[in-house]
Amino acid sequence: MIYKVSYVVTGGSHPGAIINQDTPPDVGEEIQLNGERFEIVEVIELLPPRDDLAYLHATCRPVGETP
Amino acid sequence: MRGRTLLERSELFAGLTADQIERVAELGEEIAYQGDEVIVHEGEASDEIYVVREGMVEVLVSEGAIPDVPGPPQMRPIVHLGPGQTFGEMALVDRGARSATVRCVEDGTRLYVIPRKRLLALCDNDPRIGYLLMRNVASDLSFKLRHRNLRVRLEGKGRTQ
């Protein structure tokens, strides 16, 4: 399965990203987008899977920022 | 990559057989870009579709020139696209000018570049490939729109800048 992930960043100036990856994102996981570190705070299924693709959305915030 | 080619990992090729993917792949070429290099400019003619194989690109739109302020318009980044993503696909559907500027944001970003006319000719000659490619282009555009809507919704809650 390939996970097509829509990352939306809350706070900060990063515009977010769309990336295909081998593993699904998890809440609490840290990711790096262009050198900036973000914590994933929410993951939802954006669309039902089709072929070998799963469609997910992850909301992130800069590491260290309180909700 | 678990036996897959990088192109097979792109949604653009979902549902195609290995042979069909090879036929599409034969139409284009791989090009490497370095950090900050502009790949396409907003407003210019569009003749290719791009697939990100490695690295990351940034999509930017101009916020419009202000009559009393000299200089070029401000460019606003709207999304980064990583491995497996496509851009330039709107031209495949509407043949319009580039709607955004796209620049490389990671050194060594590698893109697969497919000429629009050659891809459309293949779609005409093999309707099964044509159907799947157009379905995948529509699905990708829909995903990008959903991503954009989520971002706007979060902006409305004051959760993004």
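Just so we're on the same page: letters track the sequence lines, and every chain starts at 1.
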Exercise for the section: With salt bridge (charged side-chain N to carboxylate O under 4.0 Å, His left out) as the test, would you mind laying out the steps for B/Arg9 and A/Asp52 before giving the verdict? Expected result: CA-CA 9 Å; B/Arg9 295 172 50 77; A/Asp52 203 19; over 6 Å; no

Handout entry: Full working for side chain to side chain contact (heavy atoms under 4.5 Å, CB included) between A/Leu33 and B/His80
Key = CA-CA 9 Å; A/Leu33 298 172; B/His80 286 191; 5.7 Å; no

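Note on B/Leu119: it clusters hydrophobically with B/Ile129, by side-chain heavy-atom contacts below 4.5 Å among ILVMFWY residues. Residues A/Ile31 and A/Val27 fall within the same hydrophobic cluster, defined by Ile, Leu, Val, Met, Phe, Trp and Tyr side chains chained together at heavy-atom separations under 4.5 Å. Clustering ILVMFWY residues whenever any of their side-chain heavy atoms sit less than 4.5 angstrom apart, transitively, puts B/Tyr50 in a cluster other than the one holding B/Val38. Put simply, B/Val93 and B/Val24 are part of the same group of oily side chains (I, L, V, M, F, W, Y) that touch within less than 4.5 Å, one to the next. Both B/Phe87 and A/Leu53 are members of a single hydrophobic cluster when ILVMFWY side chains are connected at heavy-atom separations under 4.5 Å.
Taking CG of B/Asp140 as the reference point, atom CD1 of A/Ile18 lies at 7.0 Å (rounded to 0.5 Å). Interatomic distance, OH of A/Tyr55 versus NE2 of B/His147, reported as 16.0 Å (0.5 Å rounding). Atoms CG and CG, on B/Asn136 and A/Asp51 in that order, are 7.0 Å from each other to the nearest 0.5 Å. Atom CD1 of A/Ile2 is separated from atom OG of B/Ser10 by 8.5 Å, given to the nearest 0.5 angstrom.
Other residues, nucleotides and ligands contribute at most 12 non-hydrogen atoms within 6.0 Å of the CZ atom of A/Arg37. Summarising the local packing, CE of B/Met90 is surrounded by 12 or fewer heavy atoms from other residues, nucleotides or ligands at distances under 6.0 Å. When the shell of 6.0 Å around CZ of B/Arg146 is examined, it contains 12 or fewer heavy atoms from other residues, nucleotides or ligands.
With chain B as partner, the option from A/His57, A/Gln21, A/Arg50 having the largest number of non-hydrogen pairs under 4.5 angstrom is A/Arg50. For the set B/Glu11, B/Gln85, B/Glu106, the count of heavy-atom pairs under 4.5 angstrom toward chain A peaks at B/Gln85.
Nearest heavy atoms, A/Pro15 versus B/Pro77: CB-O, 3.6 Å. Across all non-hydrogen atoms, the minimal contact from B/Val79 to A/Ala17 is CG2-CA, 4.0 Å. The heavy-atom pair separating B/Leu150 from A/Ser6 by the smallest distance is CD1-OG, 4.4 Å. Shown here for A/Val5 and B/Phe143, the closest heavy-atom pair between the two residues is C-CZ, 4.2 Å.
Between A/Tyr7 and B/Arg151, every side-chain heavy-atom pair lies at or beyond the 4.5 Å cut-off. Side-chain contact between B/Met56 and A/Ile19 is present, with heavy atoms from C-beta onward closer than 4.5 Å. Counting heavy atoms from C-beta on, the side chains of B/Arg153 and A/Val8 never come closer than 4.5 Å.
When heavy atoms are compared at a cutoff of 4.5 Å, B/Ile78 approaches chain A solely by way of its backbone atoms N, CA, C and O. Heavy atoms closer than 4.5 Å to chain A are found nowhere in B/Ser142, neither backbone nor side chain.
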